[in-house]
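Notes follow the structure.
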Amino acid sequence: MTNIQFIQTATQLPIKGIENTLQLLSEDCTIPFISRYRKDRTGNLDEVQIETIAKLSKQFDEIVKRKDSILKSIEEQNALTTDLKAKIEASFDLQELEDLYLPYKKKRKTKADTARENGLEPLAKIIMSQKNDDLEYLASKYINDKVANEDDALQGARDIIAEWINENLFIRRNLRRTFQRKALVETKVIIPKLRDKKEEENAQKFKQYFDWSEPLYKTPSHRLLAMLRAETEGFVKFKVSLSKEEKEEALRMMDKALIKNEGESAVHIEKAIDDAYKRLLEPAISKEVLSESKEKADDKAIAVFSENLRQLLLAPPLGEKRILAIDPGFKTGCKVVCLDEKGDLLHNENIYPHPPQKESAMAMKKIRSMVNAYNIEAISIGNGTASRETEFFIKKIAFDKPVQVFVVSEAGASIYSASKIAREEFPSYDVTVRGAVSIGRRLSDPLAELVKIEAKSIGVGQYQHDVDQTKLKEELDSTVISCVNKVGINLNTASKSLLSYVSGIGEKMAENIVTFRSENGPFEDRNQLKKIPRLGEKAFQQAAAFIRIKDGKNPLDNSAVHPESYKMVEKMAKDLGIQVSELIGNKEQIAKIKAEKYITNDVGILGIQDIVKELEKPGLDPRKAAKVFEFDPNVRSIKDVKPGMILPGIVNNITAFGCFVDIGIKESGLVHISQLKEGFVSDVNEVVKLHQHVQVKVIEVDEARKRIQLSMII
C-alpha cells in the first residue's frame, strides 16, 4: 500500500487532490496558504481536510518506520520466515504489527524463559499436541538439578504454554474485541486522610465516582477523564475488566480454540489458559483498550477545546477605540488603565470604590476625569472578583457623553501579566498594570491579545491538563494559526506574538519584522517584507496575502488578494478601462468581470472566483462587531439565584456534555446537553457558540457545592 492509497482509504478524498496536497506540503507550503490560494490544485479541499491528509501522511510514515524496525529486529534473531515477513509487510495496523512482533520482543525474563532454560519446552510441545496422556511418566524424564519433581516439570511446561497462548494472534484479536465491546469501567472510593477543607471540597467533585460502573465503550470522554483524574488524585481505585459472565465466555472461547479432546493434556492446557488470562492477557488487553479509550477521550476533549478556542479568538472585536480598562478588586482596589486606539498605555492608577475603603465618590470623580481627559469611548471590566459591583458602580456615573460598558473574560490575564511577553511590552510596570491593559486590549481585538497567552491557560476547555499534552499543543497551535490567517493582520500594528502565527513567518522572523519596523518606520507595501533578514521568496509567498497594509502604496495590499495575482487584477481593471483603485469595492464594475477569461496554468476558476469576491469587500474582517450585554441587576451572588428564575447570560465554556453560562456571578451555571433544546442534541456546538447571548431558566441551585443547573428550554 502506498502513502496515497493509505490516505484515500481513510478519507475517501479524490486521489488527485491528495497527490497535489502532499506535493504542496513537501514544498513547505502551509495549510492556510494551500487551502486559500491553491484551491484549483487541491480540488477545493478545506483546512480540515488538508490537515487530515498531513496527519495521515505522518501516521503512514510512522507505520512504515515501525515495520522496518520490527523486520530488522526479527531478522537479527534469525527468526524471520517468508510467511511472517509477508504478514508484517501487508499490515498497516499498528496493533496487529505489535501482536506479530510480540513473540520476538525483548522483554524481562519470564517464567517461560526459566522453564525453557530448564529444558521443559519439549514437554510443553507434547502437552500441546494432545496425543499423549501418560504425562506423569513423561514429566519424570525432565527431572534434573533445576527441576525437582514431576509437578515442577508440568508447571514449567504450563508456564511456556501460557506464554504461547498470550502470543496467539487469534486469541488476542478475539479477546481484544470482547474487551472493546463488553469491558466495564469500575471505580471504588478510597478513604483518604484529607489534609484540609480545600482537599475535602476537591474530593466532593468526584463524589459520583465513589462507586461507579458502566460499559467502557459507552463512557463519554469527559466522564472517563474525570474518573482517571479522581484516580490520579487518590480518591478512587479504577479498573477495566470483564464481568464474571463475560470472563467465563472469553475462557470458553479460548478453550474451544486450543483444546482438541478431553484427554489428560486438556487439564493442563486449561490450567495454562486460566493462568495466561489472569497473569498475561487480562492485564495487557485491559491496558490496551483503556489506552485506546483514553486516546479517543483525549481527541474529543482536544476537539472541544480547539473549537472553543477558535470561537474565543474569533470573538467580536470592538475595533480601534479609546478604552478605559478596569481590573476589579475589593481590598486591593481596582486597577484602572487608559489605552489609545492602538492599545498603547496612556495612564494608570488605582481606585477604591468598594469595601473596605468605600471611596466611591472619589473613585467616580477620577473615572469621569479620565474619560474626559483621554477621550474614552468604551469601558472594559474584567469578569473576576468584584466584577458585578464594579459594573454597577460604573453605570451610576453620569458621563458627559455616551460610553459603552463591557464585561470581558479575564481568563489568562494573570498568566500574560507575569509572562516574558508582558515584561518586554511593559518593563517599567508591575503585573497589575499589565493585567488591566490585557483586559482592555482583549475588548478592542481579542485575537491580537489572546495569542500572547499559552492557549491551554485561557480556560475554555475540559480536562486540558489530563490529555496528551503534545497532541493538545499541536491542535491548539493549529487553531491559532488558522484564526490569525483567517482574519489577516495589520503589518504595522501587529505584535511579535501575532506575527509569529502568520503563515510562513514564525517566531524569529516575527522578531526581525518588528525590529525592521521600529528602525525604518511603517511598511508602505508588501514587497518591503523581502528586505527582512531571513525572509526569502518561499516565506514571502506563504505570508504576503495574510498581512494587510492600510493606506499603503498599492490598494491591493489591504486585501486578501495574493501579490502573485496583482497582474491579473490589473488586467481586469485595464479591460474595464479603469484603475485598480476604482475597481476595488465597485460592485457594478466587478459584476462585468468574466472569470473564465482570466484562467491561466497557475490560477484556475476557483482562484479567480476568490479574487473577484475579495475585490467586492477587500480586507473584510470575518468577525462580527462587539455588542453590549447586561446581566440581571438583581443577581449579584449565588444567594440571589432561585429555581424558576429566567436570566440573561453569556456562554463562556462549551464541553461535550453541555455549556457553562455566565449569569453575572462568580459561579457559572451548567446547561446540560439535554437542556439545550427540545429533542436530541448530538453536538453542543450545533446549538450554542462561545460568547453567545442566551436566556436561561434556573432549575436547581446547590449553594454548598456552588453548582447551578440551568436550562435553555423555557
Side-chain angles (χ1 to χ4, degrees), residues 93-95 172-190 205-233 235-253 277 281-308 461-468 471-472 653-660 670-688 707 709 711 713:
D93 182 319
L94 277 174
Q95 193 60 70
R172 291 185 76 87
R173 194 177 291 130
N174 277 277
L175 193 56
R176 186 179 292 119
R177 197 175 294 127
T178 300
F179 266 80
Q180 287 167 340
R181 294 198 313 248
K182 306 288 179 65
L184 297 174
V185 55
E186 296 176 281
T187 55
K188 296 289 182 187
V189 68
I190 298 171
K205 293 178 187 175
F206 304 107
K207 189 176 179 181
Q208 75 181 93
Y209 305 119
F210 286 178
D211 185 14
W212 187 269
S213 176
E214 68 177 315
L216 178 61
Y217 83 96
K218 283 186 176 179
T219 307
S221 65
H222 63 275
R223 202 145 65 220
L224 181 62
L225 292 171
M227 285 186 265
L228 290 170
R229 183 187 287 181
E231 181 192 38
T232 301
E233 296 192 11
F235 299 125
V236 301
K237 279 186 177 177
F238 177 99
K239 73 170 183 174
V240 172
S241 61
L242 295 178
S243 67
K244 184 181 176 183
E245 295 77 12
E246 293 300 339
K247 177 184 171 182
E248 288 172 357
E249 181 63 33
L251 290 171
R252 280 195 292 273
M253 175 272 293
Y277 180 86
L281 285 164
E282 184 184 40
I285 301 293
S286 64
K287 188 177 178 181
E288 270 181 29
V289 296
L290 175 59
S291 177
E292 187 181 280
S293 296
K294 168 68 164 59
E295 188 176 347
K296 288 178 182 175
D298 282 3
D299 289 345
K300 178 68 175 175
I302 290 169
V304 168
F305 195 162
S306 175
E307 181 55 31
N308 285 353
Q462 60 177 117
Y463 300 105
Q464 59 261 40
H465 301 292
D466 302 297
V467 302
D468 184 316
K471 197 181 280 188
L472 175 66
N653 200 1
I654 294 173
T655 69
F657 54 86
C659 69
F660 287 91
L670 171 66
V671 180
H672 188 265
I673 191 168
S674 62
Q675 293 295 318
L676 287 170
K677 69 171 188 177
E678 298 281 4
F680 177 73
V681 176
S682 60
D683 183 358
V684 180
N685 273 296
E686 291 175 358
V687 184
V688 292
R707 292 186 175 182
Q709 296 288 332
S711 174
I713 303 170

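Numbers here simply count residues along the sequence, with the first being 1. Reckoned from all heavy atoms, side chains included, excluding hydrogens, waters and symmetry mates.
- With hydrogens and angles left out, the side-chain atoms of Gln675 and Gln709 include no donor and acceptor closer than 3.5 Å.
- Looking at Lys471 and Glu295, their side chains come closer than 4.5 Å, going by heavy atoms from C-beta outward.
- A salt bridge between Lys188 and Asp211 is present, with a side-chain N of the basic residue lying under 4.0 Å from a carboxylate O of the acidic one.
- Side-chain contact between Leu228 and Asp466 is absent, with no heavy-atom pair separated by less than 4.5 Å.
- In this structure, Asp298 contributes its side chain and Asp468 its backbone to a donor-acceptor pair below 3.5 Å.
- Separation of atoms CE (Met227) and CD (Gln208) is listed at 8.5 Å; rounding is to 0.5 Å.
- Between the CD1 atom of Ile285 and the CG atom of Asn174 there is a distance of 10.5 Å, given to the nearest 0.5 Å.
- Among all heavy-atom pairs drawn from Ile673 and Ala656, the shortest one is CD1-O, 3.9 Å.
- Taking a 6.0 Å sphere around CD of Glu686, one finds it holds more than 12 heavy atoms contributed by other residues, nucleotides or ligands.
- Checked for salt-bridge contact, Glu288 and Arg172 meet the test: a charged N lies under 4.0 Å from a carboxylate O.
- For the atom pair Leu242 CG and Ser286 OG, the distance stands at 9.0 Å (nearest 0.5 Å).
- By the 4.5 Å heavy-atom criterion applied to side chains, Asn653 and Phe305 are not counted as neighbours.
- The heavy-atom pair separating Val304 from Ile654 by the smallest distance is CG1-O, 3.0 Å.
- Closest approach of Ala226 and Tyr209 over heavy atoms only: CB-CE1, 3.7 Å.
- Contact record, Val467 with Gln464: CG2-O, 3.5 Å, taken as the closest heavy-atom pair.
- Atom OG1 of Thr655 sits about 8.5 Å away from atom NE2 of His672, to the nearest 0.5 Å.
- Other residues, nucleotides and ligands contribute more than 12 heavy atoms inside 6.0 Å of the NZ atom of Lys294.
- Contact annotation: the side chain of Leu184 never approaches that of Val240 to less than 4.5 Å [non-hydrogen atoms, C-beta and beyond].
- Salt-bridge annotation for Lys237 and Glu186: absent, with no side-chain N of the basic residue lying under 4.0 Å from a carboxylate O of the acidic one.
- Within the 4.5 Å cutoff, side-chain heavy atoms of Phe210 are placed close to those of Val236.
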Passes side-chain contact (heavy atoms from CB on, under 4.5 Å), Glu678 versus Ile713? Steps please. CA-CA 7 Å; Glu678 298 281 4; Ile713 303 170; 3.3 Å; yes

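- Residue-environment remark: NZ (Lys287) stays at or below the threshold of 12 foreign heavy atoms within 6.0 Å.
- The two atoms that bring Cys659 and Val684 nearest to each other are CB-CG1, 4.3 Å, heavy atoms only.
- Side-chain contact between Leu290 and Phe238 is present, with at least one heavy-atom pair separated by less than 4.5 Å.
- The residues Glu249 and Lys182 are annotated as not salt-bridged, no charged nitrogen and carboxylate oxygen being separated by less than 4.0 angstrom.
- Taking 4.5 Å as the limit, every side-chain heavy atom of Ser213 sits out of range of all side-chain heavy atoms of Val185.
- In terms of heavy atoms, Phe179 sits closest to Ser241 at CE2-CA, 4.2 Å.
- With rounding to the nearest 0.5 Å, the separation of OG1 in Thr232 from NE2 in His465 is 13.5 Å.
- One finds the CG atom of Leu224 at 10.5 Å from the NE2 atom of His222 (value rounded to the nearest 0.5 Å).
- With contacts defined as side-chain heavy-atom distances shorter than 4.5 Å, the pair Phe235/Thr187 does not qualify.
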Evaluate the side-chain contact (heavy atoms from CB on, under 4.5 Å) criterion for residues Ser221 and Lys296: first the C-alpha distance (whole Å), next the side-chain angles of each, then the deciding distance (0.1 Å), finally the verdict. CA-CA 7 Å; Ser221 65; Lys296 288 178 182 175; over 6 Å; no

